[in-house]
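Report on the following structure.
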Amino acid sequence: MEQQTISIAKAGIKATLNARTSILAAANPIGGRYDTRKPLKANVGLSPPIMSRFDLFFVVLDDLSPEADYRLADHIVGLHQQGEASLPTHYTP
C-alpha cells in the first residue's frame with residue numbers, strides 16, 4: 001500500500017492496479033489504560049513495520065470522571081426508556 005498500487009497474479013495474468021483506499025484501525029493499550037508517560041509504541045505494542053504502514057495516529061483518552069460517566073449513562077438510558085420524549089434533554093459534560 002505504500003506504493004499506492006497492488007499487484008495481482010491469477011491464472012497467468014499479472015496486473016498492477018491503483019490502490020485507492022483508506023485503512024482505519026483501532027488498538028487498545030496494554031493493560032487497558034493508556035500511560036501518558038510512555039510513547040504510543042510502548043502503549044499499544046505494535047511493531048515498527050506495522051506502525052510504518054499508517055500515516056496518522058490519533059490517541060483518544062477517557063479521563064476518569066465518575067460524575068460525567070454517570071450523566072452520560074443516565075442520558076443514554078433515558079433515551080432508551082422514554083424514547084423521543086427525552087430528546088430535548090441536553091447532555092453537558
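Please read all numbers here as calculations on a predicted model, not as lab measurements. Numbers for residues simply follow the sequence, beginning at 1.
Heavy-atom minimum distance, A42 versus I30: O-CD1, 3.7 Å.
Hydrophobic side-chain contacts under 4.5 Å tie V60 to no other Ile, Leu, Val, Met, Phe, Trp or Tyr residue. L56 shares a hydrophobic cluster with F58; the chain of contacts runs through ILVMFWY side chains whose heavy atoms sit under 4.5 Å apart.
In this structure, the side chain of N43 engages the main chain of D35 through a donor-acceptor pair within 3.5 Å. Counting only distance, with no hydrogens or angles, the side chain of D69 and the backbone of L64 share no donor-acceptor pair below 3.5 Å.
A single hydrophobic cluster is seen to contain both V59 and V44, as judged by linkage of ILVMFWY side chains at heavy-atom distances under 4.5 Å, directly or through other members.
Rounding to the nearest 0.5 Å places NZ of K38 at 12.5 Å from CG of L40.
Taking 4.5 Å as the limit, some side-chain heavy atom of P48 sits within range of a side-chain heavy atom of K41. T36 is listed as a side-chain neighbour of L61, based on a closest heavy-atom distance under 4.5 Å.
Applying the side-chain contact (heavy atoms from CB on, under 4.5 Å) test to F54 and every residue at least two apart in sequence or in another chain returns I23, A25, I50, F57.
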